[in-house]
> 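Sharing a structure here in structure tokens format.
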Amino acid sequence: MSATPPSIYDHILAVVCQIPRGRVASYGQIAWIVNAPTPRMVGYALAGLAAGSDVPWQRVINSQGGISPRGDPGGSGRQRKLLEAEGVEFGPNVRVDFARFGWDGPDPAWLAERGYTLLPWPGKRNSSRPARRGRQ
DNA sequence: CTTATGACGCGCA
DNA sequence: TTGCGCGCCATAA
């Protein structure tokens, strides 16, 4: 196995890999699924990705449906092009409508297989002891 | 051991 | 409505 110890980043990336083509998810949504302490962790995880990685990082956008600076270096629209190539449409404000292209979340079977437990959506996750799942 | 950095989200004025 | 600031935690050096 890999010598790299399992970290929260691995969980985040694993979920990101589950986002189907033509769909997008927000940092907050990913954070919610893996029960990350904050959406920032998701961004940090993606920041550590190597160029040419197999992780569909492009499908992760902010809660506003917009693209983060790192996904659009120099306003090149890199991330936008990748998403458009997958069929994702952008609004006039370079914004994606989650109601249309938002990801519904990973398959229950996939979650169960990993032992994930989804909590109620808008409600804040148990900040006390969210029972760090994934790899015990 | 401490310090610095980092792809967000939300509240408040 | 817009803009600004804070909190959040993990990793690397």
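In what follows, every heavy atom counts, from backbone to side chain, and hydrogens, waters and symmetry copies are set aside. Note on naming: letters A, B, ... go to the chains in the order of the sequence lines (proteins, then strands), and numbering restarts at 1 for each one. Predicted model, so just to flag it, every value in this text is computed and none were measured.
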> Please report, rounded to the nearest Å, how far the P atom of C:dT11 is from the CE atom of A:Met41.
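Rounded to whole Å, this separation is 8 Å.
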> Nearest-Å distance, CD1 (A:Ile12) to P (B:dC8)?
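Whole-Å distance recorded here is 13 Å.
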> OP1 or OP2 of B:dC8 versus the side-chain N and O atoms of A:Ser68: is any pair under 4.0 Å?
yes
> Classify the side chain of A:Arg40 versus the base of C:dG7 as yes if they form a donor-acceptor pair under 3.5 Å and no if they do not.
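Such a pair exists between side chain and base.
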> Write down the distance between CG (A:Leu46) and C1' (B:dC8), rounded to a whole number of angstrom.
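Going from CG in A:Leu46 over to C1' in B:dC8 covers 11 Å.
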> Tell me: OH of A:Tyr27 to P of B:dG6, nearest whole Å?
15 Å
> Measure the acute angle between the ring planes of A:Tyr116 and A:His11, then classify it against the limits of 30° and 60° as parallel, tilted or perpendicular.
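Taking A:His11 first and then A:Tyr116, their aromatic rings stand perpendicular (interplane angle over 60°).
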> Round to the nearest Å and state the distance from A:Tyr44 atom OH to C:dA10 atom P.
11 Å
> I need the minimum non-hydrogen distance between A:Gln58 and A:Glu86, along with the two atoms involved.
NE2-OE2, 2.7 Å
> Which nucleotide sits closest to the side chain of A:Tyr9: B:dC8, C:dC9, C:dT11?
C:dT11
> What is the distance from CD1 of A:Ile33 to P of B:dC8, rounded to the nearest Å?
18 Å
> Does A:Phe90 have A:Arg80 sitting over its ring (NZ/CZ under 6.0 Å from centre, angle to axis within 45°)?
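The answer is yes, since A:Arg80 meets both limits relative to A:Phe90.
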> Rounded to whole Å, please give me the gap between CH2 in A:Trp32 and P in B:dC10.
14 Å
> In the single-linkage hydrophobic clustering (I, L, V, M, F, W, Y; side-chain heavy atoms under 4.5 Å), do A:Trp32 and A:Leu46 co-cluster?
yes
> Could you tell me the Watson-Crick or G-U partner of B:dC8, where both distances fall under 3.5 Å? Say none if there is no partner.
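C:dG7 is the nucleotide pairing with B:dC8.
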> Without decimals, in angstroms, what is the distance between A:Asp10 CG and C:dA10 C1'?
12 Å
> Reckon A:Thr38 has a side-chain N or O less than 4.0 Å from the OP1 or OP2 of B:dC8?
no
